[in-house]
Enquirer: 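Below: one structure in structure tokens.
In each ligand, atom 1 is the first atom listed, and ligand 1 is the first ligand listed. Just so it is clear, the values below take in all heavy atoms, side chains as well, and ignore hydrogens, waters and symmetry mates.
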Amino acid sequence: MKKQVLTGIKPTGRIHLGNYIGAIKPALGLAENQSYNTAYFVADYHGLTKIHDPIEMKELSYGVAAAWLALGLNTDSAIFYRQSDVPEIFELSWILSCFAPKGLLNRSHAYKSMVEDNQNGGREVDSGVNMGVFTYPILMAADILLFQTELVPVGKDQIQHVEIARDIAESFNKQYGETFVLPEYVIQEETSVLPGLDGRKMSKSYNNTIPLFEEPNKLRKLINKIKTDSSLPEEPKDPDSSDIFSLYKEFASSEQTEIMRKKFHSGIGWGEAKAELFSVMNSFMKEPRDRYNELLSDTEAIDQILQNGAEKARKQIIPFMREIKQKIGLYH
Ligand code: TRP
């Protein structure tokens, strides 16, 4: 039996280096591996918890889809779809919500941090919190559990969500017998704290990201903005504690990485290190960037790909959905 792998990206911002290194790159690796079934999707209804402008929603969703395709996702081997095209996910989401203790969701990081912000700002605890934000982990559990997913490649910030999916699956299984597979998260350990422009974790919410498909000139400018310390060019530097180096090694060959490591030890100016980072990243991204722009100029073709994917997805999950409904006693 092949293991099922699944991951999604919500369209709430442009795809950035953190998305690529934390989720897309490992997921593409798994899609190439014959021992896995892979399902990757645009989590547009998760995006709706934040994005309430239809034009923005459309642009960001196509952006996420085009990113996967431009980076080489093979849609013959991986199932690639839009979450909103698979209605069974939302049906399951309701069922699961009846097995999700409210207290569990109260403790979800994303919700808790909104509550804390409100408290610090002297507002009502739930001010600005819609129910989509609150039940976000349940919808994510439905995404995962409907596909009998074993492995979920995600960034570190999503660990809690996968754990919540496990908890919900366990409580359903306890009531109705073995039904859902308990999923595990897959984290890229070495790169799990990818730094953003300001040295904090790269994240849309900190507004410190480097968009992956940025045009060369802007890309160079953004790379030049990455924070570095005030050491002089000739001073030896520790590559392993350098943000520049940790980004460099994601795009460079292993030979290039070793040469750069030596340069750090013998002393390299930050300006030069940044120029080298730009150079490897820019040449790595050249083809994907062209493909990305080309894909975005024909969104109907993207729709077609996603719809084919949704059909495949539904073929896979509809029998299981029926089994779930039987278990809860909706029919015999
Ligand atoms: N919550 C994920 C994020 O913000 C996106 C997501 C939605 C997801 N459903 C998922 C990831 C299922 C993995 C599995 O990045």
Enquirer: With Asp53, which residues qualify under side-chain contact (heavy atoms from CB on, under 4.5 Å), at least two apart?
Expert: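 Counting only residues at least two positions away or on another chain, Asp53 forms a side-chain contact (heavy atoms from CB on, under 4.5 Å) with Ile55, Glu56.
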Enquirer: Throw together a table of side-chain donor-acceptor distances under 3.5 angstrom for residues 212-227, partners on residues two or more places apart or in other chains.
Expert:
residue, atom, partner, partner atom, Å
Glu214, OE1, Arg14, NH2, 3.4
Asn224, ND2, Arg220, O, 3.4

Enquirer: Can you classify the ring geometry of Phe134 versus Tyr111 as parallel (below 30°), tilted (30 to 60°) or perpendicular (above 60°)?
Expert: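 Correct class here is perpendicular.
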Enquirer: Who's touching ligand 1 if we go heavy atoms under 4.0 Å?
Expert: Leu6, Thr7, Gly8, Lys10, Phe41, Ala43, His46, Tyr136, Met140, Asp143, Ile144, Val152, Val154, Gln158
Enquirer: Kindly write out the residues that satisfy salt bridge (Lys or Arg N to Asp or Glu O under 4.0 Å) with Asp303, not counting sequence neighbours, or none if the list is empty.
Expert: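 Testing Asp303 for salt bridge (Lys or Arg N to Asp or Glu O under 4.0 Å), a comparison that skips the adjacent residues, returns Arg82.
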Enquirer: Checking side-chain polar atoms at under 3.5 Å, does Glu163 have a donor or acceptor matched by the opposite partner on Gln158?
Expert: no
Enquirer: Decide, yes or no, whether a salt bridge links Glu258 with Arg261 under the criterion of side-chain N to carboxylate O below 4.0 Å.
Expert: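 Looking at Glu258 and Arg261, the cut-off is met.
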